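Computation of the quantities below employed the complete heavy-atom set of this structure, encompassing side-chain atoms and omitting hydrogens, waters and symmetry-equivalent molecules. If you're wondering where the values come from, they're calculated on a predicted model, not measured in any experiment. Below, chain A is the first sequence line, B the second, and so on; all start at residue 1.
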2 protein chains.
Amino acid sequence: MASFTVENYLKAIYSLSRSNETGVSTNALADHLGTKAATITDMLKKLNANGLVHYKKYQATTLTDKGIEIALNIVRKHRLWEVFLVEKLDFKWDEVHDMAEELEHIDSNELIDRLERFLDNPKFDPHGDPIPDKNGVIERRDQIQLTELKVGQKGYVTGVKDSSKEFLQYLDNQNIELGNELLVKDIFDYDKSRVLIIEGQETTFSQQVCKNLYVNIIE
Amino acid sequence: MASFTVENYLKAIYSLSRSNETGVSTNALADHLGTKAATITDMLKKLNANGLVHYKKYQATTLTDKGIEIALNIVRKHRLWEVFLVEKLDFKWDEVHDMAEELEHIDSNELIDRLERFLDNPKFDPHGDPIPDKNGVIERRDQIQLTELKVGQKGYVTGVKDSSKEFLQYLDNQNIELGNELLVKDIFDYDKSRVLIIEGQETTFSQQVCKNLYVNIIE
DNA sequence: ATATATTTTTAGGCTAATCTAAATTTATAT
DNA sequence: ATATAAATTTAGATTAGCCTAAAAATATAT
């Protein structure tokens, strides 16, 4: 079985691969995992030897199929536990990340399958991220960043791109939650900030905030 | 914070102390934890240095107050997670031990307090063991071993002394569960086996089985 | 095209938790 | 009371995962 540490490496490589199709650099991984580049090199050699990554000296690293499978299972567990914490234990969406980081390593697929059923087979976690099924299949979603909506267009909030505590708490303060309907009333050329009507309430959001909100267009 | 390993040592010392008031021996710990005596000695020195155990060379070890506090918190977490697994995820009582062994190390008291409330503040785990409250207080219970009942006395099953998979599955096969009412109809002098009426059904149990069942007397 | 900067790897070490084998201490039995 | 057995500790190694400092490879800028 993959150790706690190995699971975290695979998850990190998976996660960084989302934004970088060509593969992941040693330094990017070191940053992400809070370790030093030398440590990453050591581990990549081991993961490579165990058939979990494709690694060649000085080149970007990618996951093998086996590596992807393990990473997706960790992501699945992480997101299901987050749903549990929010839906059943009433935690807020900005409070669950660290606990889920631990719970994701509990080693029982039977447990996680039963948890999934107990939670009524949720398809998305509290931040709107999709939950892989037991075969690692992720439901694809046609969500876009709020910045892509033009003036006059309507949408509803489906997720957040940045799930940092700070951003989630900012959204709480603004009373924004998943499912909220909104209309883009105006975009200021100067700083690309937007005037929005969210659930009937007029609010102004910076471009940065809008980039970090995913929406579905309402035709 | 105590590491996963340290937590397991403290829990083991706590657990073995239940049956041996004077303290725990190095070999007993090695057996219980599946490691070698030399390893135990090393660790006891560290735990002693950290104020978690009272350790003197060649003498039985006991937990300090701080050690007891940590051990009880682990026990609390273990038992609450077991209740969750059985009550909410429909696992059987012989299936939950290994998962709870992992879940007990999840590091959040807030999580465990919320879990407790979610489970309606259970006082006992699925094997009848008491769940320490958040201050480490355990509800004392006047349960006795079934072997202490005399012929003609009645009781109901409150717990198991041995919670091995094997014993629990044996009980399942015999349709015995916590709460069952029973009457001691006869005790055979020869092997101390008992004829019992359990929930109206006549059954014979060996002395070993009776020793491992806790009951409350019904006057 | 070459010097400089950046990234990555190598080499050598550290710590926690484990092991085996040998030495020491304590317990037991005659 | 002393020999023997059992339990415990010490000494010296190992492995996983991490580190720093130096070397090597790759990328960038003039």
Of the options dT8(C), dT9(C), dT8(D), whose atoms approach the side-chain atoms of Thr26(B) most closely? dT8(D)
Base contacts versus sugar-phosphate-only contacts with protein, heavy atoms under 4.0 Å: please encode nucleotides 13-24 of chain D as B, S and - from 5' to 3'. ---SSBBB---B
For Lys56(B) and dT9(D), give me the distance from atom NZ to atom P, rounded to whole Å. 13 Å
SB check Arg114(A) Glu110(A) (cutoff 4.0 Å): yes
Measure the distance from CD1 on Ile40(A) to P on dT9(C) and round it to the nearest whole Å. 10 Å
Using the ring pair (Phe, Tyr, Trp, His ring centres under 6.0 Å) rule, pick out the option among His97(A), His127(A), His105(A) that qualifies with His78(A). His97(A)
What does the list of N/O pairs under 3.5 Å between the protein and nucleotides 4-6 of chain C look like, with a distance for each?
none

Axial bend angle, the helix from dA1(C)-dT30(D) to dT30(C)-dA1(D): five-pair end segments, nearest 10°: 0°
What is the distance, rounded to the nearest whole Å, between atom CG of Leu33(B) and atom P of dA17(C)? 12 Å
Result of checking Leu63(B), Leu44(B), Ile70(B), Ile13(B) against Leu52(B) for side chain to side chain contact (heavy atoms under 4.5 Å, CB included): Ile70(B)
Heavy-atom closest pair (Leu111(B) atom, Leu85(A) atom, distance to 0.1 Å) is CD1-CD2, 3.5 Å
Is it true that Arg76(A) and Asp113(A) have a side-chain N and a carboxylate O under 4.0 angstrom from each other? yes
On a heavy-atom basis, which atom in Gln143(B) and which in Asn216(B) lie closest, and how many Å separate them? CA-OD1, 3.3 Å
Give a yes or no on whether the backbone of Tyr214(A) and the side-chain of Thr158(A) come within a donor-acceptor separation of less than 3.5 Å. yes
Decide whether Ser193(A) and Gln207(A) meet the rule of one side-chain donor and one side-chain acceptor closer than 3.5 Å. no
Calculate the interatomic distance between Lys45(B) atom NZ and dT8(D) atom P; express it in whole Å. 14 Å
Phe118(B) vs Phe118(A) aromatic rings, parallel, tilted or perpendicular, using cut-offs 30° and 60°? perpendicular
Side chain to side chain contact (heavy atoms under 4.5 Å, CB included) partner of Pro130(A), chosen from Arg79(A), Lys123(A), Arg141(A): Arg79(A)
Pick from Glu82(B), Glu87(B), Lys88(B): which one makes a side chain to side chain contact (heavy atoms under 4.5 Å, CB included) with Phe84(B)? Lys88(B)
